[in-house]
Novice: 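This structure is in structure tokens; I'll ask about it shortly.
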There are 2 protein chains.
Amino acid sequence: MNKFGDRVRELREQQNLLQRQVAGKLDIDTPMLSKIERGERRAKREQVITFSEILSADQNELITLWLADRVYEIVKDEDLATDALKVAEKECEYSKKPIAKA
Amino acid sequence: MNKFGDRVRELREQQNLLQRQVAGKLDIDTPMLSKIERGERRAKREQVITFSEILSADQNELITLWLADRVYEIVKDEDLATDALKVAEKECEYSKKPIAKA
DNA sequence: TTATGACTTGTCAGATATTGACAAATATAA
DNA sequence: TTATATTTGTCAATATCTGACAAGTCATAA
């Protein structure tokens, strides 16, 4: 599973941008971008934000995919993956931050 | 969130076992066990299995809690935590291993 | 063919994080 | 006090991650 990298590549190609161009704005070299797109290396959180700006993409979408990749990495070989995710989800519900100024 | 460590401690105390006794069977020292119970250090997967044997506990329950802790660690500060978990969950459904000899 | 541009692969040292082990501190009870 | 249980802090060894670079492949064009 490499949802983040796949999406980044998709967006980049849709907009006919070269790795060189995107990498430049991220201040990384093209080998690094290539690896991020293929899921061989993981982008930093700040880079995910930058990706969304460069690619005029939905920041929330990219962060979600980026997180999902990391989560999936942990549970991917586990029979109890779904159970574990549900437990984590419940904990998220429980400890959800109150919305500021709601 | 330290569901695994909390459960281990609960089980250990229910059975009036000392850290020393449990640690011995795990081949770790008591400071290490103390840290695992309090979530300061993470148990290895093999140790989770051993915990379930020592404490006569449900192996699946402990593995699930242990995984959930690790997953939660990744998403705990994220507004999109739940979304990300749902994406990961869907991927688990999709790529679930067929049950052997079903 | 050679040349060029886009991308990928492999490597590597430096930085960072994790690990297991130990001493020492604290707590609790006799 | 003493002894026992647990926690805290530290540390070197190890493992993992990181960024950067050279060199590779692949496709297209001259």
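If you're wondering where the values come from, they're calculated on a predicted model, not measured in any experiment. Every chain is numbered from 1 and lettered A, B, ... according to where its sequence line falls, protein lines coming before strand lines.
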Novice: Send over the distance from A/Lys44 NZ to C/dA17 P, rounded to a whole Å.
Specialist: 11 Å
Novice: Determine whether a donor-acceptor pair (N or O, by modelled atom type, separation under 3.5 Å) exists between the side chain of B/Glu13 and the backbone of B/Glu10.
Specialist: no
Novice: Apply salt bridge (charged side-chain N to carboxylate O under 4.0 Å, His left out) to B/Glu73 and B/Arg42, showing your working.
Specialist: CA-CA 11 Å; B/Glu73 185 61 25; B/Arg42 184 195 304 146; over 6 Å; no
Novice: Of all the nucleotides listed (D/dG19, D/dT6, D/dC21), which has the minimum atom distance to the side chain of A/Met32?
Specialist: D/dG19
Novice: Tell me: CD of A/Glu40 to P of D/dG19, nearest whole Å?
Specialist: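 After rounding, the gap between these two atoms is 14 Å.
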Novice: In whole angstroms, how far is the P atom of C/dT4 from the CZ atom of A/Arg20?
Specialist: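 Rounding to the nearest Å, CZ of A/Arg20 and P of C/dT4 are 15 Å apart.
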Novice: State whether the distance check finds a donor on one side and an acceptor on the other, under 3.5 Å, for side chain B/Lys35 versus base D/dG9.
Specialist: yes
Novice: What is the distance, to the nearest angstrom, from the CD1 atom on B/Ile36 to the P atom on C/dG20?
Specialist: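 The distance from CD1 of B/Ile36 to P of C/dG20 comes to 8 Å, rounded to the nearest Å.
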Novice: Return the value, rounded to whole Å, for the distance between atom CZ of B/Arg42 and atom C1' of C/dG20.
Specialist: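 Value for this atom pair: 16 Å.
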Novice: In whole angstrom, give the distance that lies between atom CG of A/Asp29 and atom P of C/dC7.
Specialist: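 The distance from CG of A/Asp29 to P of C/dC7 comes to 13 Å, rounded to the nearest Å.
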Novice: Rounded to whole Å, please give me the gap between CZ in B/Arg38 and C1' in D/dT6.
Specialist: 8 Å
Novice: OP1 or OP2 of C/dG10 versus the side-chain N and O atoms of A/Arg41: is any pair under 4.0 Å?
Specialist: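 Answer is no, no contact under 4.0 Å.
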Novice: In whole angstrom, what separates A/Gln19's CD from D/dA20's P?
Specialist: 16 Å
Novice: For B/Arg9, look at atom CZ and say whether over 12 heavy atoms of other residues, nucleotides or ligands are found less than 6.0 Å away.
Specialist: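 Count over threshold, so yes.
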Novice: Is there a donor in the side chain of A/Glu53 and an acceptor in the side chain of A/Gln59, or the other way round, less than 3.5 Å apart?
Specialist: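 Not at all, the side chains of A/Glu53 and A/Gln59 share no donor-acceptor pair under 3.5 Å.
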